[in-house]
Amino acid sequence: MRSSQRVYTYLLTILFLLFHAATVAAVDSDDPNSLEALAEAGGKYVGVEACLQCHESQHKQIIRESHGQSADARTPFAMNGCESCHGPGEKHIINYIAAGDKDPATVESALVAFSGAKASPVEAQNTMCLQCHQGGSMLNWHDSLHEIEEVPCSACHNSHKPSKVMDRETEAEVCYECHNDIRAQTYQRSTHAIREGKVVCSDCHNSHGSNGPAMLTQLSINDNCYECHAEKRGPYLWEHYPVTEDCSLCHRSHGSMHNFLLNKQGTNLCQQCHAQIGPDGTGHIRTFYDAWDKDAKRGRSFLGRNCANCHKVHGSNHPSGPNLLR
Ligand code: HEC
Ligand code: HEC
Ligand code: HEC
Ligand code: HEC
Ligand code: HEC
Ligand code: HEC
Ligand code: HEC
Ligand code: HEC
Ligand code: HEC
Ligand code: HEC
């Protein structure tokens, strides 16, 4: 064997060992939030009847909801009942029985809890829900900012009672618990009728994650806007570059201090990019004179005029050419 070959074989062996060690380690290391570990921590499954002894009120609530329909083979109540979500309850019951009159706060729960002082780690909570909810709108849950920032499903969903988040009228209240800044934007001068409930967060966002930016249900900001403002897609004979590029170069999504959800007012909006043209028309290819003010260097009729008075900013089919005239 040539020496270079020997080095090669040696490297391969090390790589193999490293890889093998890594896979063995992955199997050996017990993630305390995995389904298996959570099941082991709880003991045996004891069934709904056992839980009922001490938790009648929770039972009354959930059998009115879709999760409590035992006739539907896919629901928790067609499987392990309460324990489909909370994990096996044997140890929990033993602990509480053994505790007698002791303060419940001092007793170890031993199952998956979704709220209160004994709430389990977020990953453990979400593991339980993800058993049944993987496809559909959940496809991009992993890697979504909500998953990365450890937002539990139960921050938005209460599985015992109807969730506010599932009702268009109350959905935003849930979001505002963490996104209060967005609420403030909906009170600005121009908004997207979010407060009136005509447009809701989930018309534009998938809270479970998406393939687009900002968890938008569409692949890009423009695709999102075209969904409801299809006429802005054109096609136009003369397109305006920023419009086809990204509507948010000029517009805010939730609210703005200026009309039409614009991010700047009047000529300032255009000067972000057309800096050579001043608010008085300086630098503009043509100036516009008032009939009685021919000596004025700059036309007064330009002053105070909005660029959009003469230009069709979203694109134009005007025969006079590429100047986007109305
Ligand atoms: C012997 C009575 C008893 C039984 C049976 C019982 N629990 Fe509990 N459970 C309690 C007590 C007591 C608490 C503490 C309540 C409190 O703090 O107000 C509790 C609390 C909980 C909590 C909240 C987390 C915690 O520990 O504070 C969950 C979730 C729960 N039980 C689920 C279940 C489920 C599911 C079953 C059936 C598998 C079950 N329980 C059976 C007595 C019981
Ligand atoms: C679909 C999953 C699911 C099922 C099935 C379920 N629960 Fe829950 N449970 C939850 C979630 C989620 C919460 C948190 C609700 C909230 O946000 O206030 C909760 C809350 C609770 C609490 C309060 C402490 C805590 O964990 O937040 C108790 C006690 C409880 N459930 C008991 C039960 C019992 C008893 C049953 C069966 C009759 C049951 N649960 C069935 C998901 C479930
Ligand atoms: C054993 C399977 C199972 C588990 C575990 C489970 N679900 Fe479900 N869930 C279902 C089924 C089945 C439906 C009904 C779907 C339908 O009607 O198409 C449902 C419906 C829902 C809905 C829809 C609307 C409604 O009726 O409330 C939400 C939201 C939901 N689940 C959230 C959760 C959350 C959060 C958890 C964890 C706390 C969870 N689920 C755990 C099976 C499960
Ligand atoms: C940030 C809030 C939020 C979080 C966190 C969240 N959801 Fe949802 N979920 C929603 C909203 C909003 C809807 C309603 C969407 C709609 O009407 O288009 C919904 C709908 C659902 C539905 C029913 C319809 C559908 O889209 O399939 C299920 C099931 C569901 N969520 C499960 C989960 C599970 C499981 C988790 C955790 C892994 C979770 N959700 C986390 C906000 C959230
Ligand atoms: C429990 C807190 C919590 C709730 C409730 C919540 N979010 Fe979030 N959300 C976060 C955190 C944390 C982030 C990441 C940091 C940030 O951008 O603020 C985030 C980020 C986002 C983002 C930005 C994603 C990105 O890629 O830039 C959107 C969009 C969003 N949330 C929408 C919603 C909607 C819609 C609701 C209601 C259905 C909601 N959130 C409810 C905590 C929450
Ligand atoms: C008409 C569509 C639309 C609606 C309705 C909408 N959003 Fe957005 N949202 C967007 C777009 C587009 C972006 C990305 C561009 C931007 O940042 O403005 C965004 C960005 C965000 C962000 C991340 C950036 C930031 O500004 O913090 C959060 C968080 C957010 N939205 C939350 C919400 C919540 C909560 C609601 C409901 C109250 C909501 N959105 C309603 C379109 C919308
Ligand atoms: C879910 C539908 C929907 C989506 C998506 C949507 N809009 Fe709108 N938009 C509306 C509705 C409804 C109105 C109000 C129309 C009316 O009152 O006539 C509106 C109004 C507007 C207005 C005028 C606001 C005013 O003050 O008069 C602008 C500008 C606007 N949208 C821009 C956008 C942009 C930019 C996007 C993409 C980020 C977008 N829209 C996405 C539904 C939507
Ligand atoms: C170069 C800046 C600019 C860009 C980029 C832009 N807009 Fe506008 N938009 C404006 C101005 C200025 C107005 C004010 C009314 C007018 O002059 O047409 C407006 C008004 C609107 C209106 C309300 C009035 C109407 O015409 O219906 C909607 C809706 C709108 N824009 C949607 C969009 C969408 C969707 C995109 C992206 C495809 C977009 N805008 C990109 C500058 C822009
Ligand atoms: C985000 C940057 C940006 C903003 C904001 C912007 N434009 Fe433009 N605009 C461009 C670019 C890039 C071109 C293409 C220039 C080229 O082809 O030389 C263009 C082209 C034009 C043209 C066509 C003439 C030409 O030189 O091709 C007119 C007219 C125009 N813009 C007017 C406006 C008006 C009016 C506004 C404000 C409502 C505005 N623009 C805002 C970037 C912008
Ligand atoms: C009173 C109507 C009017 C107003 C107001 C106006 N324009 Fe124009 N603009 C025109 C006309 C007409 C042309 C075509 C010039 C020609 O063909 O001689 C033009 C041409 C342009 C061009 C392409 C040629 C060049 O000069 O680069 C740009 C870019 C432009 N305008 C931007 C703007 C901006 C930015 C504003 C606001 C600060 C604005 N316009 C305000 C009428 C106007």
Side-chain angles (χ1 to χ4, degrees), residues 66-67 122-123 125-139 141-142 144-147 149-157 159 163-168 171-183 185-186 190-195 197-209 212-218 220-234 240-256 258-266 269-270 272-274 306-315 324 326:
S66 53
H67 282 138
V122 170
E123 207 191 324
Q125 294 183 36
N126 291 358
T127 299
M128 301 311 281
C129 311
L130 290 166
Q131 290 177 88
C132 302
H133 298 293
Q134 296 265 359
S137 77
M138 302 295 306
L139 266 177
W141 171 254
H142 294 291
S144 73
L145 260 193
H146 282 152
E147 195 250 4
E149 295 285 330
E150 304 202 341
V151 178
C153 313
S154 62
C156 298
H157 298 291
S159 301
S163 302
K164 274 188 183 173
V165 88
M166 301 296 289
D167 182 340
R168 284 177 70 89
E171 178 191 283
E173 285 173 32
V174 178
C175 313
Y176 294 153
E177 279 168 26
C178 302
H179 298 292
N180 212 11
D181 53 327
I182 307 282
R183 186 211 301 267
Q185 289 167 25
T186 68
S190 145
T191 64
H192 238 138
I194 294 173
R195 237 178 329 127
K198 281 195 212 147
V199 182
V200 302
C201 317
S202 60
D203 285 337
C204 297
H205 296 288
N206 180 347
S207 300
H208 304 146
M215 303 204 287
L216 290 173
T217 47
Q218 295 79 14
S220 72
I221 290 180
N222 276 35
D223 285 339
N224 169 259
C225 312
Y226 294 148
E227 183 101 4
C228 304
H229 301 288
E231 78 287 354
K232 295 285 184 289
R233 190 197 284 273
H240 191 198
Y241 164 81
V243 177
T244 46
E245 180 67 18
D246 182 352
C247 310
S248 72
L249 287 167
C250 294
H251 291 288
R252 294 213 190 285
S253 320
H254 312 110
S256 162
H258 312 303
N259 285 334
F260 298 114
L261 288 163
L262 291 168
N263 57 22
K264 292 241 170 19
Q265 199 155 19
L269 178 74
C270 315
Q272 293 176 92
C273 302
H274 300 285
N306 202 323
C307 317
N309 282 355
C310 302
H311 293 287
K312 246 180 145 251
V313 296
H314 299 105
L324 307 177
R326 289 202 175 266

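The figures that follow rest on heavy atoms only: side chains count, while hydrogens, waters and symmetry mates do not. Whatever order the structure lists ligands and atoms in, that order sets their numbers, starting from 1. All values reported here derive from a predicted model rather than from experimental measurement. This chain uses plain numbering: 1 for the first residue, then up along the sequence.
- Looking only at protein heavy atoms, the nearest one to atom 5 (C) of ligand 8 is Cys250 SG, 3.5 Å.
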* To do: List the steps, then state whether side-chain hydrogen bond (donor to acceptor under 3.5 Å, both in side chains) holds for Asn224 with Gln218.
  => CA-CA 5 Å; Asn224 169 259; Gln218 295 79 14; 2.9 Å; yes

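- In terms of polar-atom proximity, His254 is counted as a contact of ligand 6, with an N or O under 3.5 Å from an N or O of the ligand.
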* **Full working for side-chain hydrogen bond (donor to acceptor under 3.5 Å, both in side chains) between Ser202 and Glu171** => CA-CA 8 Å; Ser202 60; Glu171 178 191 283; 2.6 Å; yes

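- Residue contacts with ligand 8, taken as heavy atom pairs separated by less than 4.0 Å, do not involve Asn259 at all.
- Taking a cut-off of under 4.0 Å to the non-hydrogen atoms of Ser137, the atoms of ligand 4 that pass are 25 (C), 26 (O), 27 (O).
- Residue, atom and distance of the protein heavy atom nearest to atom 3 (C) of ligand 4 are Cys156 SG, 2.8 Å.
- Atom 8 (Fe) of ligand 6 has an N, O or S atom of His205 closer than 2.8 Å.
- Remark: distances from the non-hydrogen atoms of His240 to ligand 8 include one below 4.0 Å.
- With 3.5 Å as the limit, one finds no donor-acceptor pair spanning the side chains of Asn222 and Ser220.
- In this structure the side chain of Glu149 never reaches within 4.5 angstrom of the side chain of Val122, judged on heavy atoms.
- Where the criterion is an N or O separation shorter than 3.5 Å, residue side chain and backbone included, Asn126 fails it with respect to ligand 4.
- The main-chain N or O of Trp141 is never found under 3.5 Å from a side-chain atom of His146 such that the two would form a donor-acceptor pair.
- Each of the atoms 5 (C) of ligand 4 lies under 4.0 Å from some heavy atom of Val151.
- The shell of residues lying under 4.0 angstrom from ligand 4, judged by heavy atoms, excludes Arg168.
- Using 4.0 Å as the threshold, Cys178 has no heavy atom nearer than that to any atom of ligand 4.
- Among the atoms of Cys153, no N, O or S atom falls under 2.8 Å of atom 8 (Fe) of ligand 4.
- Checked against a 3.5 angstrom limit, the closest N/O atoms of Ser253 and ligand 6 fall inside it.
- For atom 40 (N) of ligand 8, the choice among His258, Lys232, His251 with the nearest heavy atom turns out to be His251.
- Note on ligand 8: Leu249 sits outside its first shell, no heavy atom being nearer than 4.0 Å.
- Of all protein heavy atoms, the one lying nearest to atom 19 (C) of ligand 8 is His314 CE1, 3.3 Å.
- In terms of polar-atom proximity, defined here as any N/O pair under 3.5 Å, His133 makes no such contact with ligand 4.
- Not one N/O/S atom of Cys201, from backbone or side chain, sits under 2.8 Å from atom 8 (Fe) of ligand 6.
- Every N/O-N/O distance between Glu171 and ligand 4 stays at or above 3.5 Å.
- Using a 4.0 Å cutoff on heavy atoms, Arg326 counts as a contact of ligand 8.
- Ranking the protein heavy atoms by distance from atom 35 (C) of ligand 8 puts Cys225 CB, 3.5 Å first.
- The heavy atom nearest to atom 36 (C) of ligand 8, out of those in Cys247, Ser190, Gly315, is found in Cys247.
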